[in-house]
Amino acid sequence: MKKQSNSLWQDAWQRLRYNRAAMVSLWILIAIILLCFVGPFLPFVQSPTAVNLAESSRSPSWAHWFGTDPLGRDLFARVLYGGQVSLLVGLVATSVAVIIGVIYGAIAGYSGGYVDDLMMRLVDILFALPFLVLVILFSLVVDKPAAEFTNMVIEVTNFERDRVAPITTLIPLFIAIGSIGWLTIARIVRAQVMAVKKQEFVEAAVSLGLSRTRILMRHILPNVIGPIIIYTTLAVPGIMLLESVLSFLGLGVKPPNSSWGSLIKEGADRMEIQWLLLFFPAIFFSTTLFALNFFGDGLRDALDPKSARD
Amino acid sequence: MLRFILGRLLQGVITLWLLVTLTFFLVRAMPGSPYLDAKAVPAHIIERMMAYTGADRPIHEQYARYFVNLIVHQDMGDLIKRDGVKVSEVIAESFPVSLVLGVASMAIAMLVGIPAGVIAAVRKNTSIDFLCLAVAMVGICLPGFVIGPLLAVSAGLGLESINVAGWSSPTDWILPALTLGMINAAYLARLSRGGMLEVLHQDYIRTARAKGLDETRIVLRHALRGGLIPAVAFLGPAFAGMISGSFVIETIFQVPGMGQHFVNAATDREFFLIQGLVLFYGFLIVVANLLADLAQAALNPRLRQSVGH
């Protein structure tokens, strides 16, 4: 039996296609992304920020599918627009954190010795710095450049301010979350790299005379990709929720714009009076994260070359 | 081994010094001042207060004084807004509460999370696996400010012997510890499932199977050691975080722990309290990460060279 050789990712995709839970999750994710990014252009979706006090705190109806909040804003529209923010934060901020964390942790774990000590003590320091103080200082520093950047984008693209501002004000948020989020990933990757680099196949690669970069990138990292995927999909909910905390502190999403995190927070405050205000954003939020994590597990299983033999 | 620990402790001291130095200058770079109030404070009173706490001196002098007090007199300074209260008193008062809560949540997280992850890995792609994952996901996807009130409401209605909020009777830790523990149990379950799956396909597990060992023994004695590495790497900082309190949990359940001080000290610009808390938290991080690294070396013989065996 002759078998055509496939790359790691082609093999993984083959295996992934037969994992039903992962494929269902993938379709759910695609559906939610489409709903949030294409949905707002549909004619019957209302403005997420239009206040209508005559319609305040309504239950779901034909006019307002998810009901309205105390200011009479349509909750369905707010959930869709909020989803744009949360999905973007989940994607961009997590990617920033994962990329920094993987590179940093891999270098520390592979180098060992003094380099490792120095790099990991720096992580300890960053871990212990007072988060709130950093956020306050950071929001001071970025306020002006962020406003200038928004004006520049408006000038170049000629879009309305209302469409540009909600996205560009997120950039400081991405930087803030990305620069804190990588710390735990770095620790996990370092631990895993240290475990893998003592294995026989690495010894074989060393004795073949491969360069350190090549060994790290081609031989060690593919073997620690499982824990990286798991932790990445695990980190997304925390990062999306961190967004609502940071937005509350004045960094990121500004009212009247919404995100899933901020909607859940608003809903939690009014849980006893109008529980649907918590229910709808929470359902979208958790469905997305459930799907993402099941997909992540499927991807991990698919990328594990050894599990193919089962 | 001893050399490794001593070396790490020395590094820890340098880490803490850098950390406190950075914090010292960062908090003073914040806008606002601890001497201002919502009401207008007359200028001469502010001057007197600043002279009293030494804040009118040049910054390098304040820095030197802080470290002399810290090292020579073991004094972390006083609160600025509450006269006569020491930073060390605030920490001594709130840390035991957070410690009890943190250890309890940690126990819950480990007792639920690790077995769930291991069972899910052994029974991969069965309904038990999906069930474990789904339960774990609830803990991650629902934020603390949702789980907390939900638990409080259901316990308040169902179990009358448990207080929904407060910190006076011996059972008061149950609800906050469950809330905090569930979140971390979810992380542990996912990380240990992933770690176990990596290990279960390795050659030494096949060797163990070939020797005819029974499956339970293979999982518990051979696979568990390597499979727990990602979870242990996560546990280091997570444990330090749990025993130093959580603002959200403490607010929901009215627990007098340390988490509230981290937030209030920053908003009140209580410089010395922030520095003291950071120093204390940094110490916990250094120790927890050292313990995590030692635990990793104990679990995986391949790592032992790096700790000086």
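Chain A is the first sequence line, chain B the second, and so forth, proteins listed ahead of strands; every chain is numbered from 1.
Within 6.0 Å of atom CZ in Phe25(B), more than 12 heavy atoms from other residues, nucleotides or ligands are found, so the atom counts as buried in its surroundings. Around atom CZ of Arg123(B), no more than 12 heavy atoms belonging to other residues, nucleotides or ligands sit under 6.0 Å away.
In this structure, the separation between CG on Asp117(A) and CD on Gln11(B) is 3.5 Å, given to the nearest 0.5 Å. For the atom pair CZ of Arg8(B) and CE of Met120(A), the computed distance is 8.5 Å after rounding to the nearest 0.5 Å. With values rounded to the nearest 0.5 angstrom, Asp124(A) atom CG is found 12.0 Å from Leu284(B) atom CG.
Proximity to chain B involves both the backbone and the side chain of Phe127(A), based on heavy atoms less than 4.5 angstrom apart. For a residue to count as touching a neighbouring chain, one of its non-hydrogen atoms must lie under 4.5 Å from one of that chain's; by this rule Val20(B) does not touch chain A. Both the backbone and the side chain of Ile188(A) come within less than 4.5 Å of a heavy atom in chain B. Residue Leu26(B) touches chain A through both its backbone and its side chain, counting heavy-atom pairs closer than 4.5 Å. Proximity to chain B is limited to the side chain of Ile136(A), based on heavy atoms less than 4.5 angstrom apart. With a 4.5 Å cut-off on non-hydrogen atoms, Phe283(B) does not touch chain A at all.
In terms of heavy-atom pairs under 4.5 angstrom with chain B, the leader among Thr288(A), Asp297(A), Leu126(A), Leu183(A) is Asp297(A). With chain B as partner, the option from Ile229(A), Ile185(A), Asp116(A), Leu137(A) having the largest number of non-hydrogen pairs under 4.5 angstrom is Leu137(A). Contact tally against chain B (heavy-atom pairs below 4.5 Å) for Thr233(A), Leu289(A), Ile125(A), Leu118(A): the top residue is Ile125(A). Interface remark: of the candidates Val189(A), Ile264(A), Leu134(A), Asn293(A), Asn293(A) forms the most heavy-atom pairs closer than 4.5 Å to chain B. Chosen from Ala282(A), Gly226(A), Pro130(A), the residue pairing most often with chain B at heavy-atom distances under 4.5 Å is Pro130(A). The most heavy-atom pairs under 4.5 Å with chain B, out of Thr184(A), Val236(A), Leu129(A), come from Leu129(A).
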Which donor-acceptor pairs under 3.5 Å do side chains of residues 226-243 of chain B form with protein atoms, sequence neighbours excluded?
none

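Shown here for Ile285(B) and Ala128(A), the closest heavy-atom pair between the two residues is CG1-CB, 4.4 Å. Looking at every heavy atom in both residues, Leu191(B) comes nearest to Tyr231(A) through CD2-CD1, 4.2 Å.
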For this session: Take Asn289(B) and Arg187(A), measure what side chain to side chain contact (heavy atoms under 4.5 Å, CB included) needs, and give me the verdict at the end.
Result: CA-CA 9 Å; Asn289(B) 281 346; Arg187(A) 272 196 65 83; 3.3 Å; yes
Problem set entry | side chain to side chain contact (heavy atoms under 4.5 Å, CB included) between Ile14(B) and Arg121(A), worked out | CA-CA 9 Å; Ile14(B) 300 169; Arg121(A) 294 302 80 74; over 6 Å; no
Exercise. Does the salt bridge (charged side-chain N to carboxylate O under 4.0 Å, His left out) test come out yes or no for Asp293(B) and Arg190(A), once each step is laid out?
Worked result: CA-CA 11 Å; Asp293(B) 284 350; Arg190(A) 165 184 173 265; 3.5 Å; yes
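Side-chain contact between Val224(A) and Glu198(B) is absent, with no heavy-atom pair separated by less than 4.5 Å.
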